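Only one structure is covered here, and it is reproduced in the block below.
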Protein chains: 2
Amino acid sequence: METGLPKFDSAFSIDCVIFGFEAGELKVLLIERNEDPFKDWWALPGNMVENNESIEDAATRILYELTGLHDMHMEQFHTFGAVQRHPLGRVITVAYYALIRIIGQKEVKPVTKYAKKAAWRSVNELPKLAYDHSEIFETSIQKLRRRLGYQPIAFELLPEKFTLTQLQLLYEAILNKKLDKRNFRKKMLSYGFLKELDEKQKGVSYRAAKLYKFDRRKYYKIFQNDLTPEN
Amino acid sequence: METGLPKFDSAFSIDCVIFGFEAGELKVLLIERNEDPFKDWWALPGNMVENNESIEDAATRILYELTGLHDMHMEQFHTFGAVQRHPLGRVITVAYYALIRIIGQKEVKPVTKYAKKAAWRSVNELPKLAYDHSEIFETSIQKLRRRLGYQPIAFELLPEKFTLTQLQLLYEAILNKKLDKRNFRKKMLSYGFLKELDEKQKGVSYRAAKLYKFDRRKYYKIFQNDLTPEN
DNA sequence: ACAAAAGTGTTCGTACTACACCCATGA
DNA sequence: TCATGGGTGTAGTACGAACACTTTTGT
């Protein structure tokens, strides 16, 4: 790394791909821009990194400002740095994704002036996005799919108590393919980190399903060794 | 993303974790710094991103300046943005790793003045590195290990023609564990992308091993569908 | 009684694991 | 002839894939 520290006119930003799950569909939180460039376009929520905050802090702050949520599972997944990606200047953006529970959430409202509104959109029906945000989104969902295979991220998107069918629908929505019900249940239960509750679904007009919750303690006990392979 | 584009005094850099494989050991290319801060410390090679180049171009350029090599497999793996990571100012760094063939390589010599020299060091005997480079290195090797499981990256580190034992030693060095010879060979050959050559190892004082090469064409034919799961 | 989803086992094939000896070559 | 790594097969186990019917509940 050079030490000369040349100052040049460029800026960092954070862009967030905020995933949620609702009505059997995987959704992403978009904002409608109220300013040029890309006025009236849909975009990923994002903002500039302040000079006195780490990029992780910035990601957390920006998510909070846009959704009012703390302590979310956020994960950096890629940094985008094409020269012309922002029409007004050089902006390199670090992209994070976050997983949140939509259920029971008060409606998300942007607290910044540069957005008209925020809305959950199905990942299957996204409009063309501002800047290179379509590319950022595509990358995010690929990383999300891969990570689903080795990390218990799905539970961040579900209510605390959920049925196995809900869990399966979520997996299907993320992976974009149908899964076999029996195999899915067998596998999930075999991990041993799902805790069966003495409670059932309510308000459905058919046989009520058992509720489960994700047992974080058991998960770490089971997988702590596997996650640090060797040494 | 904000449009106001505030200019603030900060900079981007690229840091490269350059892996090589030699004498049965996984190595990484380090430079010895010739300037403050961290004068006389070992560090990862890196440099500032110019204002008119993308971060990918910057990574390619920096690798070239430090090693004289083109067309290397480079992969962005994480961006580090702690406020105090650079003692002289705010520098956010995008880290890449590269995989190169040491064999037959003319010695690597830094072409920049800020480094006294460059040297290949075994990943098992690294000194404490400048800045947060030890952390960057640790992250890189974890990503490398994971990627080894689903991408044919090992071949970038070997000479074009190699024996199965060399390939196995490389896997063992990256994964830091012993593998079973028979199982390893069976599995590798079963993929069908290794081309057996009509040639044998030379200059060894024991039974010469067959040479193989990686058949990129076959690899893509076999895995093109698997790499784009669905749609 | 009917509609709707919950819940449940078995079979098959594939892939990974563990494991030990003879072979070819150069010195 | 000896030392050194090259090269090979099999049996057991674990895991994923395919596949269909009965049960429970609310209306």
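The basis for the numbers below is simple: all heavy atoms, side chains too, and nothing from hydrogens, waters or symmetry mates. Throughout, a chain's letter reflects where its sequence line sits, starting with A, and its residues are numbered from 1. Computed from a predicted model, the values in this text were never measured in an experiment.
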Suppose we screen for ring-ring contact (aromatic ring centres under 6.0 Å, His included). Which residues come up paired with [X], at least two apart in sequence or across chains?
{"X": "A:Y96", "answer": "none"}
{"X": "B:F184", "answer": "B:Y171"}
{"X": "B:Y212", "answer": "none"}
{"X": "B:F137", "answer": "none"}

| said: Give me each pair satisfying side-chain hydrogen bond (donor to acceptor under 3.5 Å, both in side chains) with a member in residues 178-195 of chain A, each pair once, sequence neighbours excluded. | reply: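 side-chain hydrogen bond (donor to acceptor under 3.5 Å, both in side chains) check on residues 178-195 of chain A returns A:T165-A:R185, A:D180-A:N183, A:N183-A:K186.
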| Ignoring hydrogens and angles, does a donor from either the side chain of B:K181 or the base of D:dG7 sit under 3.5 Å from an acceptor on the other? |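 Such a pair is found, so the answer is yes.
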How long is the line joining [atom1] of [X] and [atom2] of [N], in whole Å?
{"X": "B:L167", "N": "D:dG6", "atom1": "CG", "atom2": "C1'", "value": "15 Å"}
{"X": "B:L169", "N": "D:dG5", "atom1": "CG", "atom2": "P", "value": "10 Å"}
{"X": "A:L189", "N": "C:dG9", "atom1": "CG", "atom2": "P", "value": "12 Å"}
{"X": "B:L179", "N": "C:dA18", "atom1": "CG", "atom2": "P", "value": "11 Å"}
{"X": "A:K178", "N": "D:dA18", "atom1": "NZ", "atom2": "P", "value": "15 Å"}
{"X": "A:R185", "N": "C:dG9", "atom1": "CZ", "atom2": "P", "value": "12 Å"}
{"X": "A:Y212", "N": "C:dA6", "atom1": "OH", "atom2": "C1'", "value": "10 Å"}
{"X": "B:F184", "N": "C:dA15", "atom1": "CZ", "atom2": "P", "value": "17 Å"}

| Stepwise salt bridge (charged side-chain N to carboxylate O under 4.0 Å, His left out) check, B:R216 with B:E160 | CA-CA 11 Å; B:R216 206 166 294 274; B:E160 201 189 352; over 6 Å; no
Considering residues at least two apart in sequence or located in another chain, which fulfil the salt bridge (charged side-chain N to carboxylate O under 4.0 Å, His left out) criterion with [X]?
{"X": "B:K200", "value": "none"}
{"X": "B:K143", "value": "none"}
{"X": "B:R147", "value": "B:E75"}

| query | For the helix from C:dA1-D:dT27 to C:dA27-D:dT1, what angle lies between the axis at the first five pairs and the axis at the last five pairs, to 10 degrees? | reply | 0°
| note | So, with a heavy-atom separation below 4.0 Å from DNA chain D, the residues of residues 192-211 of chain A are A:V204, A:S205, A:Y206, A:R207
| Taking the side chain from A:E156 and the backbone from A:I153, do they hold a donor-acceptor pair closer than 3.5 Å? |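 No, A:E156 side chain to A:I153 backbone: no donor-acceptor pair under 3.5 Å.
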| query | Under the side-chain contact (heavy atoms from CB on, under 4.5 Å) test, which residues partner B:R61, sequence neighbours left out? | reply | B:E50, B:E53, B:A58, B:E65
| query | When you check every protein heavy atom under 4.0 Å of nucleotides 9-14 of chain D, what one-letter string (B, S, -) results, 5' to 3'? | reply | BB----
| Looking across every strand, which nucleic acid part, if any, lies under 4.0 Å from B:T165 by heavy atom: base, sugar-phosphate, or nothing? | sugar-phosphate
